[in-house]
Amino acid sequence: MPNIKSAKKRVLITKKRNARNKSDRSKMNNAIKAFNKAIDSANIEEAERLLPLTISIIDKSVSAGIIHKNAAANRKSALSKHLSDIKSGKITVTVKKDNKTIAAEKARAAKEAREAARAEFRAKQLEKEAEKTAQKKKKTEKEKVEEEKPKKEKKEKKVEKVEKPEKAEKPKKAKKEKEEEKPEEKAE
């Protein structure tokens, strides 16, 4: 650890600059990786969009003094040449899949199959429920019809009952007349 004040200050400044340089270098490398990833996945439109952004980030790294201008020129040249070769057809891109990607695709396919099976099962359940409700409606309609039939029969019976008492009243009148006649006979 330095003892002199200016040396201490220099150590602090170097730490700050190293941190800034490290983050700028990381941004540049990440931009190059993103460009290469777009090319490897055969996404030419994305690579065309990323090329100017990547070149811009490399130029900023040169102005910050992170890499030498000739190294930057070599990197930019390599990126643009790779893209132009793919466009012209000199290089064909084969999409590489690692085990992790393959496993993820299998898991996605299995999940879709399970969801499709669930959807079929739900559809069958809904059909069964619809059939049950239709049968219940038919049963309730039949019961209503059966309930209405006895009501109609009861009404007819009531009509008949009303007619019967009228017939029964006539004999009662006759009995009353006979009874009235009897006291007169007794009186005589």
Side-chain angles (χ1 to χ4, degrees), residues 1-140:
M1 194 69 192
N3 295 328
I4 302 168
K5 188 175 181 181
S6 62
K8 290 179 184 177
K9 184 176 180 182
R10 186 56 51 201
V11 168
L12 295 175
I13 290 171
T14 352
K15 282 184 182 178
K16 287 181 186 177
R17 285 185 180 170
N18 283 341
R20 185 175 65 234
N21 290 345
K22 195 173 188 178
S23 78
D24 287 349
R25 185 181 295 274
S26 175
K27 285 180 188 175
M28 179 185 69
N29 289 335
N30 286 339
I32 292 170
K33 283 178 188 176
F35 176 79
N36 287 332
K37 186 176 181 181
I39 287 178
D40 289 342
S41 64
N43 193 349
I44 304 301
E45 295 82 20
E46 182 70 14
E48 287 176 347
R49 187 184 69 79
L50 288 175
L51 182 63
L53 297 173
T54 307
I55 289 173
S56 169
I57 291 172
I58 291 172
D59 289 337
K60 287 179 184 175
S61 298
V62 169
S63 65
I66 296 171
I67 59 171
H68 193 270
K69 63 180 181 179
N70 292 346
N74 289 339
R75 287 188 184 189
K76 293 189 289 186
S77 173
L79 294 174
S80 58
K81 185 177 186 302
H82 194 60
L83 182 62
S84 66
D85 285 348
I86 289 173
K87 280 184 179 178
S88 66
K90 289 182 182 177
I91 300 174
T92 56
V93 178
T94 56
V95 179
K96 298 175 186 175
K97 292 184 181 179
D98 58 346
N99 289 336
K100 187 176 180 181
T101 308
I102 293 169
E105 288 177 354
K106 285 182 181 178
R108 194 178 309 119
K111 184 178 180 181
E112 289 174 359
R114 284 192 305 268
E115 289 176 359
R118 286 180 189 152
E120 278 184 46
F121 183 72
R122 288 181 193 141
K124 287 179 182 178
Q125 282 184 332
L126 291 174
E127 288 177 9
K128 287 180 182 178
E129 289 177 8
E131 289 176 7
K132 286 180 181 179
T133 54
Q135 289 176 354
K136 286 181 180 179
K137 286 181 181 179
K138 287 181 182 178
K139 285 181 182 179
T140 54

Item to check | Nearest heavy atoms of V62 and A72, plus distance in Å | outcome: CG2-CB, 3.1 Å
Item to check | Pairs meeting criterion side chain to side chain donor-acceptor pair (under 3.5 Å) with involvement of residues 1-21, two or more places apart | outcome: none
Item to check | Nearest heavy atoms of A38 and L50, plus distance in Å | outcome: CB-CD1, 4.3 Å
Item to check | side-chain hydrogen bond (donor to acceptor under 3.5 Å, both in side chains) involving K60 - partner list, sequence neighbours excluded | outcome: none
Item to check | Minimal non-hydrogen separation, T133 against A130, with atom names | outcome: OG1-O, 2.7 Å
Next on the checklist: Measuring from atom NZ of K76 to atom CD1 of I57, what distance do you get when rounded to the nearest 0.5 angstrom?
Outcome noted: 12.5 Å
Next on the checklist: Is any side-chain heavy atom of L51 closer than 4.5 Å to one of L79?
Outcome noted: yes
Checklist outcome for this item: d(K139 NZ, K136 NZ) to nearest 0.5 Å is 8.5 Å
Checklist entry - More than 12 heavy atoms of other residues, nucleotides or ligands under 6.0 Å from CD1 of I13: is that the case? => result yes
Checklist entry - Got a sec, which residues hit salt bridge (charged side-chain N to carboxylate O under 4.0 Å, His left out) with K22, two or more places apart in sequence or on another chain? => result none
Checklist entry - How long is the span from the CZ atom in R122 to the CD atom in E129, to the nearest 0.5 Å? => result 12.5 Å
Checklist entry - What's the spacing between I86 CD1 and K81 NZ if we round to 0.5 Å? => result 11.0 Å
Next on the checklist: Nearest 0.5 angstrom please: D24 CG to N29 CG, how far?
Outcome noted: 11.0 Å
Next on the checklist: Taking side chain to side chain donor-acceptor pair (under 3.5 Å) as the cut-off, I'd like each qualifying pair that reaches into residues 61-72, sequence neighbours left out, listed once.
Outcome noted: none
Checklist entry - What pairs with R49 under side-chain hydrogen bond (donor to acceptor under 3.5 Å, both in side chains), at least two apart in sequence or on another chain? => result E46
Checklist entry - How long is the gap from CD on E48 to OG on S84, to the nearest 0.5 Å? => result 11.0 Å
Checklist outcome for this item: residues 99-115 vs salt bridge (charged side-chain N to carboxylate O under 4.0 Å, His left out), sequence neighbours excluded, gives K97-E105
